[in-house]
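Every chain is numbered from 1, with letters handed out A, B, ... down the list of sequences. Computed from a predicted model, the values in this text were never measured in an experiment.
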Amino acid sequence: MRLGVCKAAAFPHLARPFMPELEKTYTPADVEARWYQRWLDDKCFEADPARVSEKRPAYSIVIPPPNVTGILTLGHVLNNTIQDILARRARMLGKEVLWLPGTDHAGIATQNVVEKTLKKQGVIKHRDDLGREGLVAKIWEWKEKHGGIIIEQLKKLGASCDWSRERFTFDDDYNACVMRVFVDLYKKGLIYRGKRMVNWCPSSLTALSDEEVVMKAQNAIMYHFKVEVVESDGTPVLKQDGKPWELVIATTRPEVIPGDTAIAVNPQDERYTDLIGKHVRRPLPIEKQELLPIIADDHVDFSFGTGVLKVTPAHDKADYEIYLRHEAKYSSWEDEQLKVTKGFTKTADSTNLSNYVPMMEPIDVMHPNGVLNELAGKDLAGMERFAARKRAAELLAEIGSLVKEEPYQNNLGYSERADVPIESRLSEQWFLKYPSVKESQAVVANGEMKFHPDRWAKVYDHWMTGLQDWCISRQVWWGHRVPVWSRWVGTNTKLPSVLAAALEAKAAGGKRQERFECSLSGLPGHTTILSEEGAPDGESWIISLATASDQEKAIIESPEYQEFEQDPDVLDTWFSSWLWPFATMGWPEKTSTLKAFYPTTDLVTGPDIIFFWVARMIMAGFEWMGELPFKNVYFTGIIRDKQGRKMSKSLGNSPDPLELIASYSADALRFGIMRSAPLGQDICFDEKNVELGRNFCTKLWNAARFRQMQGGATETEISAALLSSDDKWILLRLNTAIAEVSTALEEYRFSDATATLYRFFWSEYCDWYVEASKAVLQGADEKRKANTLAVIDFVLGQTLRLFHPFLPFITEELWHGMGFNADMPENQGGKSIMFAPWPKPLDADELAHFGILPEDEKVVNAQIELVTNTRSQLSTMNIPRSKQPELYFEPNPSNSEIVWTQVDFDKIQVMLNAKSFEIYPSNFTPISSTTAVLSSAGTLYIPLEGLIDVEAERARIGKELAKAQSELEKVTAKLADEKFTSKVPQKVLDEHQQRKTDWREKLAKLKEMMAALG
RNA sequence: GCGCGCUUAGCUCAGUGGUAGAGCAUUGCCUUCACACGGCAAGGGUCGCAGGUUCGAACCCUGCAGCGCGCACCA
């Protein structure tokens, strides 16, 4: 049987044309550039939905779109190498592969970058210099010029993306998807506009979602200041001892004291129950020291500080909630019972509604940019918030209010992007109630969609359980514009006729504050969602028009509708990226691409965007495709430096991947980073690993060269009769490697896969098999030599394929350079190794054909032990390599599995650089100048006249003897223990028995050796 | 505060009940006709600590400590 024939698709042909010798050194830069271009030219990465069939299943993966302004980081290298490995292996498994690439417009980040650049270049001083359209035009210009950098960098890495399908989250088609989705959610009532407390970035001047805020530990100062308790008319409230009652309040933000509207205590706090309903005099601003009511709220923790909380509803989320609670309770109480008397009546029952007093409206004392405004008072107005803080403390000190200040550690929310503390700020924004939450939560919980490692499923579930509405509007210019136009109208406002008619038609049966669909253009399929929102006074209200249709939009922007203004906000970047898996495939059309490749197979991303992106994509998938967007999510680790710190620009600890590629090659970088990326762990990056990858490639190259030096073509099939023990051994080891690598990849254990490849190729193939084969290759038996070369060719061919997903470039170069492609079908490796079938282990029939038994491995394993032990001993004894000893071998009679052949003897002789190798004569008695090496294969006697230090040898053997003695005693004692033998499984018992036998034999041998020394 | 992860050789990490492993680093020898980006060998660990279960624990259980991360947060 001939390997190439028995499974044509699965095995390379063994005969190949003579190839010129490979270059002595491998030059990756040329090779990588050349092959990547060739792959592009040959359209190797392009996916064709038409090719998908039952026999050729689809495999798809969408790239996590990097920021269009981005440059390649090690994080990208990790992430995209993994995707490339998955994609390339899928191709080799005969799948139709789509790896869909693209970039993200990255709203705030991109606008920041471009604005900064323009300011640096002196083009503008402020964005208003250009205005909205001007700036957006500049950003587009900039994007066209610099936007593709990261894409080119990904190509350098070898990424096999289908570049013909590259997408951008802000291109026209994509924008249409976003609009459509917005209007759809708006129509469903899931998107609403409202005045809420939001996270405000005073640097970027925009609202942020909760996910864009990171908590940071902060060294702050806690200021304690005192206030006087007074009645509502200002008269002091006295304590029992007759002294004025004062409260001490702690705060880290004295600059917002002018925004305080109440003082809160816990209703259960007995210290203060008598004070509820009284007032305090607010110390700041000095010129306007208003009286603030003391109110009760359960939120106050009376074990914290003095148990007295100042309430600043315009600048603190929790305080704003207190305000809302009290407003709600007070107004209901007011309405129902005591509308007349707005005054406060204290009762003993603290839960009685009459314990609530009205609060002032929130006082916003800050401009959006973090500078204090006039409401903060003349002393603070115009000051930047941190300077104002210091000043406020000084003011408190000046008026004798400040009691103490002490260092205090607290957590503060920072804007993730601008890296400045955020402000909680009351503002009008767009919010989204998440859609398809139930299905999305269930699909992960029930295992239909798998997270790897699965502990992230818990994190996901937790987040999905406590979903807060998503603030989707941003006050920047670069992004998808909110497709809503609105205007205030009154009862007498004259509206465009179509609109008026639509409203009237609806008004007949409907009521206010409703959303309904109509068509302004009258064109079928083009609609606008109309909504009315009442104003507080009922005299005027807002009409809003939302549409995703260009035709409708044109009408709204026509002169007739001129008083309708488009909402100035743009949408959160993630509001576009959550559509990525289907918006990139032609949605909302039912394209052949969607049909073939959606849902995608795998998603590879970092756990840091599990909420930002992964969770939201799942919800979007269900909402608009009615199906999950991907079946598996692989979460990579975070790359850290040797000290365990995150890679960051500010620390300067992030190596440039392109420099690494330049000095070590892309293959080396890929291999290095995969080797150090265990599943579920953060990655400690060390350039050493890349160096190791480079060394590995060199080794691969030289192993290939070695093969070529043995002669070009082999016309021989592998002959079962001529297989040596080493041939069988390496074929078995290859089987194991194929199985291990395949399993590891199926389980996303990339570092395990690389470890196996490394071990197999370096330790097993190069260090043992090639060395062991040299005896044959340098010998005179041409038939045997040819057979060995045939085995080598088979192993190398399989190895290159196993390596291809990890090392795409060098494997392709060698695949062609050695002629493996020569007579493979075009689509199975003839054109590129990337389409060569993924190796399969030899099956039972094939093993039987070659007469290979699983036990055959043990033969060589024993020989390895013998050779290693001998080398070790010669080395320990300082025997020079030039010595070339004569070897006398006594096979271990109890190891009958080993059938020794002359090939084995020749091999061992070569490997030990010996003069001769003979079977030890049974009647031979060891002499004192002979050392002996023990192994399970047998005993090797080495006469070393004059080279043996008898004393040292005696000491050495003595040590080993002691060790053998103690091991034997241990195992004997164990086996004599009734408790052990009666409870242990047979297998373990056998192992111990075997161990006992082995140690006993070894002990006997050692004693013999000791005796021989005299 | 709640949750998750980690702790094994100098470093980075494998090892889910049966004789403690790999790579790197270190040391020694070898410029042997694929490779010094190489070969051969050596040294190096009471598996974070304390209990428990078991004939037997790096591994299972409990507690503790340290490090990291996520969520929630008190002014």
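- Judged by distance alone, with hydrogens and angles left aside, the side-chain atoms of Arg707(A) form no donor-acceptor pair with the main-chain N or O of Met818(A) at under 3.5 Å.
- For Thr698(A), taking side-chain heavy atoms from C-beta onward, the closest of the listed nucleotides G18(B), A75(B), C37(B) is C37(B).
- Counting non-hydrogen atoms under 4.0 angstrom, Cys697(A) reaches nothing in the nucleic acid.
- Side-chain contact between Thr743(A) and Arg749(A) is present, with heavy atoms from C-beta onward closer than 4.5 Å.
- Relative ring orientation between Phe671(A) and Phe806(A) is described as perpendicular, the plane-to-plane angle rising above 60° on a 0-90° scale split at 30° and 60°.
- Of all nucleotides present, none satisfies the Watson-Crick or G-U wobble test against A58(B) with each distance under 3.5 Å.
- In this structure, Trp762(A) reaches the G39(B) phosphate: one of its side-chain N or O atoms is under 4.0 Å from OP1 or OP2.
- Atom CH2 of Trp463(A) is separated from atom C1' of C71(B) by 12 Å (rounded to the nearest Å).
- Nucleic acid contact class of Tyr758(A) (heavy atoms, under 4.0 Å, all strands): sugar-phosphate only.
- The distance from atom CD of Glu687(A) to atom C1' of U12(B) is 15 Å, rounded to the nearest whole Å.
- Checked by distance alone, Asn411(A) brings a side-chain donor or acceptor within 3.5 Å of a matching partner on the base of C73(B).
- Base pairing analysis places U46(B) opposite nothing; no Watson-Crick or G-U wobble pair with both distances below 3.5 Å involves it.
- Ala704(A) comes within contact range of no nucleotide atom at all, as no heavy-atom separation falls under 4.0 Å.
- RNA chain B is contacted by both Asp752(A) and Val213(A); Asp752(A) maps to the nucleotide lying nearer its 5′ end (nearest heavy atom per residue).
- Using a 4.0 Å heavy-atom distance criterion, Pro985(A) is classed as a base contact.
- Side-chain to base pairing of Lys699(A) with C35(B): one donor and one acceptor N or O lie within less than 3.5 Å of each other.
- Atom CG in Asn869(A) sits about 14 Å away from atom C1' in A42(B), given to the nearest Å.
- Taking only side-chain nitrogens and oxygens, Lys24(A) comes nearer than 4.0 Å to OP1 or OP2 of C35(B).
- For G38(B), one of the phosphate oxygens OP1 or OP2 lies less than 4.0 angstrom from a side-chain nitrogen or oxygen of Asn695(A).
- Heavy atoms of Leu692(A) sit under 4.0 angstrom from primed sugar atoms or phosphate atoms, though from no base atom.
- Residue contacts shown for Glu991(A) are limited to sugar-phosphate atoms, with no base heavy atom under 4.0 Å away.
- Residue pairs satisfying the salt bridge (Lys or Arg N to Asp or Glu O under 4.0 Å) criterion with at least one member in residues 255-265 of chain A, sequence neighbours excluded, are listed as follows: Arg253(A)-Glu255(A), Glu255(A)-Arg389(A), Asp260(A)-Lys310(A).
- Residue contacts for Tyr408(A): at a heavy-atom cut-off of 4.0 Å it reaches the sugar-phosphate backbone alone, with no base atom in range.
- Protein atom CG of Asp210(A) is 14 Å distant from nucleotide atom C1' of C73(B), rounded to whole Å.
- In this structure, Asn410(A) reaches the A75(B) phosphate: one of its side-chain N or O atoms is under 4.0 Å from OP1 or OP2.
- Atom CD of Gln873(A) and atom P of C29(B) are 20 Å apart (whole Å).
- Side-chain proximity of Ser875(A) to the nucleotides C71(B), A41(B), C24(B) is greatest for A41(B).
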- Query: How far apart are the C-alpha atoms of Phe803(A) and Phe696(A), what are their side-chain angles, what is the distance that settles it, and do they pass the ring pair (Phe, Tyr, Trp, His ring centres under 6.0 Å) test?
  - Reply: CA-CA 11 Å; Phe803(A) 273 117; Phe696(A) 191 83; 5.0 Å; yes
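- One cannot find a donor-acceptor pair under 3.5 Å joining the base of C40(B) and the side-chain atoms of Arg871(A).
- Mapped onto RNA chain B by nearest heavy atom, Lys458(A) and Asn689(A) fall at different nucleotides, with Lys458(A) at the one closer to the 5' end.
- Nucleic acid contact for Val311(A): none, since no nucleic acid atom lies under 4.0 Å from a heavy atom of the residue.
- Applying the Watson-Crick and G-U wobble criteria (two distances, each under 3.5 Å), A75(B) pairs with nothing in any strand.
- Considering only the side chain of Phe980(A), G18(B) comes nearest among A75(B), G18(B), U19(B).
- Nucleic acid contact for Thr306(A): none, since no nucleic acid atom lies under 4.0 Å from a heavy atom of the residue.
- Checking G66(B) for Watson-Crick or G-U wobble geometry (two distances, each under 3.5 Å) identifies C6(B) as its partner.
- U53(B) makes up no base pair with any nucleotide shown, lacking Watson-Crick or G-U wobble contacts both under 3.5 Å.
- In this structure, the ring of Phe750(A) has its center less than 6.0 angstrom from the ring center of Tyr634(A).
- Cation-pi check for Arg675(A) over Tyr758(A) is met; the charged atom lies under 6.0 angstrom from the ring centroid and within 45 degrees of its normal.
- As judged by a 4.0 angstrom heavy-atom cut-off over every strand, Lys317(A) is placed among residues making no nucleic acid contact.
- Across all strands shown, U12(B) forms a Watson-Crick or G-U wobble pair, both distances under 3.5 Å, with A22(B).
- If you measure from atom CZ of Phe685(A) to atom P of G23(B), you get 21 Å, rounded to the nearest angstrom.
- Using the six-membered ring where Trp is involved, Trp463(A) and Phe611(A) have ring planes that are parallel, under 30° apart on the 30 and 60° scheme.
- Taking the side chain of Glu771(A) as heavy atoms from C-beta on, and the options A42(B), C35(B), G18(B), the nearest nucleotide is C35(B).
- Taking 4.0 angstrom as the limit, Lys996(A) places none of its side-chain polar atoms (N or O) nearer than this to OP1 or OP2 of U19(B).
- Between C13(B) and Ser751(A), no contact under 4.0 Å exists linking OP1 or OP2 to a side-chain N or O.
- OP1 or OP2 of U19(B) has not a single side-chain nitrogen or oxygen of Arg995(A) nearer than 4.0 Å.
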